[in-house]
Each structure stands twice: as structure tokens, then as C-alpha cells.
Amino acid sequence: MSVLCLDLGGTKLMLAQVEGKTLLDTWRYPVPADGNFEQLLDFLVTCIHSHLTPETYGISIGIPGMVDMHSGTLLEVLNIPALTATQLAQQLKNTFEMDVVVNNDANLFALGEAVLNRNQDMLGITLGTGVGAGVIFNGQLYSGKHCAAGEIGSLSYRDGIIEHYCSGQYFTTHHHMSGEHLYQKACEGDSQALQAFAHFGEHLAHMIAQTLLVYDPKDIVLGGSVSQSFPFFIEALKQKLQSLVYGPQLADLTISASQHHNAALIGAAQWFLQQKGSVK
């Protein structure tokens with residue numbers, strides 16, 4: 001028996017059938033993030049229907065926003081606004097007549113990393129279309145009442161919020177090309193691309209400095225599409241962090257890029273089992 005897991009982002013949807021910590025199959029689809037709720041619901045229903053099997057026990061979804069953990073209402077989904085204030089899990093439960101759970105995507109990424117790496121106290125930070133974080137205390141996911149415990153992307157920074165400077169939005173706004181394009185240029189040794197990632201690392205240091213003051217984790221694991229550029233910004237990040245944070249806090253802190261491309265899907269399966277129990 002397996003759980004059909006979805007990692008819904010602002011630009012792409014990843015799906016997988018998951019048994020325990022094992023991904024059986026994975027699929028990827030572009031997300032119509034500018035569509036209305038009916039269009040998004042139709043999109044998700046079609047994708048889910050295509051990959052349900054007789055072995056599917058339930059559905060678990062990570063969304064890029066806050067969730068009321070009691071009612072299941074999606075409270076705020078910045079990069080897919082049509083999902084805000086909707087009952088997505090209940091709608092899908094009614095459609096497919098099986099249990100459906102939902103949580104913040106960064107929370108599920110952190111939970112997946114904790115399960116795969118046995119982390120006890122960590123932050124899992126996702127750097128993609130937006131920025132989010134999942135908080136692990138004593139091996140357990142801490143979400144807060146509204147899944148807002150790790151909503152660091154919405155903290156004030158410069159002329160806006162941290163997300164504007166520590167996600168893919170930074171590259172398109174300030175360097176007028178996608179992070180993926182800049183990554184390719186950096187791989188070729190382009191000096192302007194390398195400088196763009198160095199500046200990105202400095203902004204990221206400011207974000208991490210604030211999270212250290214709030215959560216004081218032992219480990220920070222970076223995920224999301226921008227984390228593939230980790231080698232191009234980590235040195236600038238570390239150097240800037242030295243001037244922002246009390247020295248002993250950095251002494252045994254580890255900052256790394258995730259080695260698991262689908263940690264959020266593993267986390268989604270674990271979340272489902274935590275909420276609904278073992279597969280029958």
C-alpha cells in the first residue's frame with residue numbers, strides 16, 4: 001500500500017507514490033498558478049486521477065502557504081493566490097473518497113530531511129519561487145497553529161520582504177534573468193553570474209542570521225530549485241554571517257544543501273502516516 005504525495009509549488013507540481021521512505025514513481029507537471037480555483041482544482045484532480053492505483057491508501061499534499069491545522073483551510077498561498085481561503089483537502093477527499101491531508105511544503109521538506117538524515121534539531125529552508133522553512137525540534141515537526149512557524153520569507157527586509165531577495169524572484173528582479181540561466185552562466189565561469197550569486201549569498205546570510213536568533217538550530221538544510229547553486233553562494237553566505245551572528249552560535253552550526261531531490265515527498269508520506277496511522 002502507498003500514499004500518493006504531492007509537492008505543489010508556484011511553478012511545478014511533483015507527484016510520487018511513496019511506500020515508507022521509498023519513492024515508487026515520480027512525475028512532474030507545470031502549475032497554472034495564475035488560474036482560478038476551479039482551474040487549479042481541475043488540474044490537481046486530473047493529475048491525481050492519472051496516478052491513483054488500487055494500492056493507493058491516501059493523498060498527502062504540501063502547499064506553499066499557511067494552513068489552519070484544525071479546519072484544513074488554506075489561509076494564505078502567496079504564489080498561488082487562488083488557493084487562499086479554500087478547503088482543498090476536503091474537496092479532494094470528497095472527489096476521491098479517501099483520506100487527504102495537507103501541510104506547508106517547507107514543513108514537509110524539513111520532515112523528510114529529518115526522517116532521511118535523523119536530524120533532531122534543524123531548519124529545512126526551501127529556496128524556490130518563494131522562501132519557507134520547516135522547524136524540527138527533538139525530532140518532531142513544529143508547525144504552529146497555522147503552519148506559520150517557518151514563514152520566514154514574509155519577514156520585513158530592505159524595501160520589501162526577505163522572499164524578494166532570497167528566492168528565484170531576486171534573480172529575475174535584480175539581474176533580469178532566471179536563476180537557472182544564471183546558474184548555467186556561473187558554471188561557465190561568467191563573472192557577472194558569479195557576482196550575482198555572491199550577492200544572493202549575502203542576502204541569504206541576513207535571513208539565516210534572523211532565523212538563528214529565533215530558532216538556534218544545530219543544522220540548516222537548504223532545498224528548492226535555487227539550492228542547486230549552493231557552491232556559488234555558500235562562501236559569501238558564510239563570510240557575511242560571521243559579521244552578523246554571535247561567534248559561538250556558528251561554531252557547531254552546519255549549513256548544507258539537501259542531497260535528496262524529493263525530501264518533501266518523503267515528508268508528505270510521513271505526515272500522512274502520523275495523521276492517519278499505519279497503512280492498513
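Each residue takes its place number in the sequence, starting with 1.
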Extract all donor-acceptor atom pairs below 3.5 Å that involve side chains of residues 217-232 and protein atoms in other chains or at least two apart in sequence.
from   : atom 1 : to     : atom 2 : distance (Å)
Asp219 : OD1    : Thr254 : OG1    : 2.4
Asp219 : OD2    : Asn119 : ND2    : 3.3
Ser227 : OG     : Gly224 : O      : 2.6

Discussion item. Any side-chain to backbone donor/acceptor pair from Asn104 onto Ala106? Under 3.5 Å, distance only.
Written reply: yes

Worksheet item: Should Val102 and Phe109 be regarded as members of a common hydrophobic cluster, given that ILVMFWY residues are connected when their side-chain heavy atoms come within less than 4.5 Å of each other, either directly or indirectly?
Response: yes

Fill in: Nearest non-hydrogen partners of Ile125 and Ala133, listed with the distance
CG1-CB, 4.0 Å

Below 3.5 Å, can you tabulate the donor-acceptor pairs from side chains in residues 78-101 to any protein atom, sequence neighbours excluded?
from  : atom 1 : to    : atom 2 : distance (Å)
Thr84 : OG1    : Val77 : N      : 3.0
Thr84 : OG1    : Pro81 : O      : 3.4
Thr86 : OG1    : Leu83 : O      : 2.5
Gln87 : NE2    : Thr73 : OG1    : 2.6
Gln90 : NE2    : Asn94 : OD1    : 2.9
Asn94 : ND2    : Gln90 : O      : 3.3
Thr95 : OG1    : Gln91 : O      : 2.9

Item to complete: Working to the nearest 0.5 Å, report the span between NE2 of His261 and CD1 of Ile266.
Response: 13.0 Å

Discussion item. Ignoring hydrogens, what is the shortest heavy-atom contact between Ala193 and Ala186? Give both atom names and the distance.
Written reply: CB-N, 3.6 Å

Worksheet item: Should Asp121 and Phe137 be marked as a side-chain contact (heavy atoms from CB on, under 4.5 Å) after you check the CA-CA gap, both sets of side-chain angles, and the distance that decides it?
Response: CA-CA 5 Å; Asp121 293 283; Phe137 286 141; 4.0 Å; yes

Quiz: residues 9-22 side-chain donor-acceptor pairs under 3.5 angstrom, not counting sequence neighbours:
from  : atom 1 : to    : atom 2 : distance (Å)
Gln17 : OE1    : Ser2  : OG     : 2.6
Gln17 : NE2    : His51 : O      : 2.7
Gln17 : NE2    : Thr56 : OG1    : 2.9

Worksheet item: Can you find a pair of side-chain heavy atoms, one from Leu123 and one from Val135, that are under 4.5 Å apart?
Response: yes

Discussion item. Whether the side chain of Asn103 engages the backbone of Gly62 through a donor-acceptor N/O pair (distance < 3.5 Å, no angle test) should be reported.
Written reply: no

Worksheet, complete the sentence: Output for pair (Glu76 CD, Ile63 CD1), nearest 0.5 Å, gives 10.0 Å

For residues 198-214, which side-chain donor-acceptor pairs fall under 3.5 Å, sequence neighbours excluded?
from   : atom 1 : to     : atom 2 : distance (Å)
His203 : ND1    : Tyr157 : OH     : 2.9
Thr211 : OG1    : Ile208 : O      : 2.7

Discussion item. Hydrophobic clusters here meaning ILVMFWY residues chained together by side-chain heavy-atom distances under 4.5 Å, can you tell me if Leu75 and Met69 are in one?
Written reply: no

Discussion item. Rounded to the nearest 0.5 Å, what separates atom CD1 in Ile161 from atom CD1 in Ile152?
Written reply: 11.5 Å

Worksheet item: What is the distance from atom CD1 of Ile48 to atom CZ of Phe43, rounded to the nearest 0.5 Å?
Response: 9.5 Å

Practice prompt. Apply side-chain contact (heavy atoms from CB on, under 4.5 Å) to the pair Leu111 and Gln274, showing each step before the final yes or no.
Written response: CA-CA 11 Å; Leu111 181 58; Gln274 288 178 15; 3.9 Å; yes

Item to complete: Please list all pairs passing the salt bridge (charged side-chain N to carboxylate O under 4.0 Å, His left out) test where one or both residues lie in residues 161-190, with sequence neighbours left out.
Response: Lys185-Asp190

Practice prompt. Compare all side-chain heavy atoms of Asp105 with those of Leu8 and state whether any distance is below 4.5 angstrom.
Written response: no

Discussion item. Quick check on the hydrophobic clustering: are Phe272 and Leu24 connected, directly or via other members, by side-chain heavy-atom contacts under 4.5 Å?
Written reply: no

Fill in: Minimum heavy-atom distance between Ser167 and Val131, given as atom pair plus value
CB-CG2, 3.7 Å

Worksheet, complete the sentence: d(Gln195 CD, Leu182 CG) to nearest 0.5 Å is 11.5 Å

Item to complete: Given side-chain hydrogen bond (donor to acceptor under 3.5 Å, both in side chains), test Gln259 with Asn117 step by step and report yes or no.
Response: CA-CA 10 Å; Gln259 301 301 304; Asn117 299 321; over 6 Å; no

Practice prompt. Decide yes or no for Asp7 and Leu108: does some side-chain heavy atom of the first lie under 4.5 Å from some side-chain heavy atom of the second?
Written response: no

Worksheet item: Ignoring hydrogens and geometry, is there a side-chain-to-backbone donor-acceptor pair from Gln242 to Gln239 under 3.5 Å?
Response: no

Fill in: Sub-6.0 Å ring centroid separation between Tyr183 and Phe197
no

Worksheet item: Is it the case that one hydrophobic cluster holds both Trp271 and Met66, taking links as side-chain heavy atoms less than 4.5 Å apart, direct or via other members?
Response: no

Worksheet entry | Ile59 vs Val3, side-chain contact (heavy atoms from CB on, under 4.5 Å): CA-CA, chis, key distance, verdict | CA-CA 6 Å; Ile59 300 168; Val3 179; 5.9 Å; no

Discussion item. Evaluate His164 against Asp159 for side-chain hydrogen bond (donor to acceptor under 3.5 Å, both in side chains), listing each step before the verdict.
Written reply: CA-CA 9 Å; His164 297 159; Asp159 57 347; 5.6 Å; no

Item to complete: Taking ring pair (Phe, Tyr, Trp, His ring centres under 6.0 Å) as the test, write out the residues that go with His174, two or more places apart.
Response: Tyr165, Tyr170

Worksheet item: How long is the gap from SG on Cys47 to CG on Leu52, to the nearest 0.5 Å?
Response: 11.0 Å

